[in-house]
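Heavy atoms only: backbone and side chains are in, while hydrogens, waters and symmetry mates are out. Letters A, B, ... are given to chains in the order of the sequence lines, protein chains preceding strands, and every chain is numbered from 1.
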2 protein chains.
Amino acid sequence: MNKNHRIPYHYLNHLEQSLNVFQPHPPAVTKFFGDHVHLVRLTRDQLLLEAGQVCGHYYFICKGAVRGFIKEGRKDITTWISVENEMVTSISSLDLSRPAFENMQAIEDTDLLAMSNKDLNLLYDTFPSFNITGRLLLQQYYRDAEGRAYISRLRNAETKYRYFLSHYNHLSNRIQLKYIASFLGITLETLSRVRRKLSVQK
Amino acid sequence: MNKNHRIPYHYLNHLEQSLNVFQPHPPAVTKFFGDHVHLVRLTRDQLLLEAGQVCGHYYFICKGAVRGFIKEGRKDITTWISVENEMVTSISSLDLSRPAFENMQAIEDTDLLAMSNKDLNLLYDTFPSFNITGRLLLQQYYRDAEGRAYISRLRNAETKYRYFLSHYNHLSNRIQLKYIASFLGITLETLSRVRRKLSVQK
DNA sequence: GCTCCTATTTGACAAATGTCAAATAATGGA
DNA sequence: TCCATTATTTGACATTTGTCAAATAGGAGC
């Protein structure tokens, strides 16, 4: 994991825009980000966080794709897949400073902006109105998590994949099938068979 | 759904205590709750929210038990089960005022304190520091949702039930097996067989 | 275009879970 | 206590998905 690169201006810009969706922020907040954020570069397959470690950071994906996954026996269960302009972290480990339950891994060469939880709390203290943004961001985070959980609760493999196609279409021709299968909670083989079935029907 | 009852004092008290876990609140906030909250009484099996409706409220369970569930074909999938001193709502429908995806149903005779989303926003505006509480509450909400999603991602019925026993033990001798099975994403019959297997082993 | 490596598909079969029907157990009134 | 109703368990069998092994397809580098 390489840190301490110069941060491309448009990366900060994209982060700012993503946050402004919730409410406008004063320039001082933007400056705060510029001062407290650092760039993390990952090559494909590299781990951003390993289960058992404490995840002390929030990450904003500037470029690339990252997945969260947990180990069940010797298998992976992918819990989420995120791409550029999305935020990722391990919520459960963040505020309790507990060891993370899940792993985070780049599945493409990826650039991230990172802010430590400590700095984030400083941000909340310095700019109380940022708590609103934090709250709204978490609310969105929650809704997204619900959508993912919905897939995992579906019983039928074809239904899962159809849902995936309609809600995550931007990933369907970008992410390897093994990750998609794992995200859907089915095997690669089952996914392959579902795909054939659907392509025949069309 | 009966409203407009006099609110027992200890109900408000329990709500206050639940919120004070996150940070202390000034008496004015407590008063705000007293003025803007109303009591909802449900008998067992009554629906608190039906999918398709807009869920305009946050609820605090004073007494009883409530579940969230979605329809998959003609079957139910229970997504959560909550009991007294827990908050429930349909996050996804709340802030977007979208129709709710899921249903909420009392599975025991239940008393709830309800606050409208409108009043909650007034609370946030009037007492900005309450945004911190809101943020922390959502964070906890999120962690809980992750834990539930974890169960649904496990592939093995016995593993699911063991996890349930260790993490939701307070529900295991209280909630009907049909709801537990539905919460675990397995059939009642499979749950029954898992239970027999575990009881024989002991 | 060829080669190597990886991704994806396919087939045969095993294992887990679901389905449907019925039996038994538990529970809450009269 | 007995009855009626509901909850839970059990059995036989169907269905879906997983497993393992192998074949094919696709891509990157030469």
S.K.: Could A/Arg174 and A/Glu84 be called an ion pair, given the rule that one side-chain N must be under 4.0 Å from one carboxylate O?
M.R.: yes

S.K.: Heavy atoms, side chains only, cut-off 4.5 Å: are B/Val88 and B/Ile61 in contact?
M.R.: yes

S.K.: Assess B/Arg135 against A/Tyr124: is NZ or CZ under 6.0 Å from the centre of the six-membered ring, and within 45 degrees of the ring's axis?
M.R.: yes

S.K.: Calculate the interatomic distance between A/Arg44 atom CZ and C/dC5 atom C1'; express it in whole Å.
M.R.: 12 Å

S.K.: Using a 4.0 Å heavy-atom cut-off to protein, can you give one letter per nucleotide of nucleotides 8-26 of chain C, 5' to 3': B if the base is in contact, S if only the sugar-phosphate is, - if neither?
M.R.: BBBBB----SSBB------

S.K.: Quick one: B/Arg174 CZ to D/dA7 P, roughly how many Å, whole number?
M.R.: 17 Å

S.K.: Once the angle between the rings of B/Phe127 and B/Phe32 is folded into 0 to 90°, is it parallel (under 30°), tilted (30 to 60°) or perpendicular (over 60°)?
M.R.: perpendicular

S.K.: Could you check whether the rings of B/Phe130 and B/His25 sit parallel, tilted or perpendicular, using 30° and 60° as the cut-offs?
M.R.: tilted

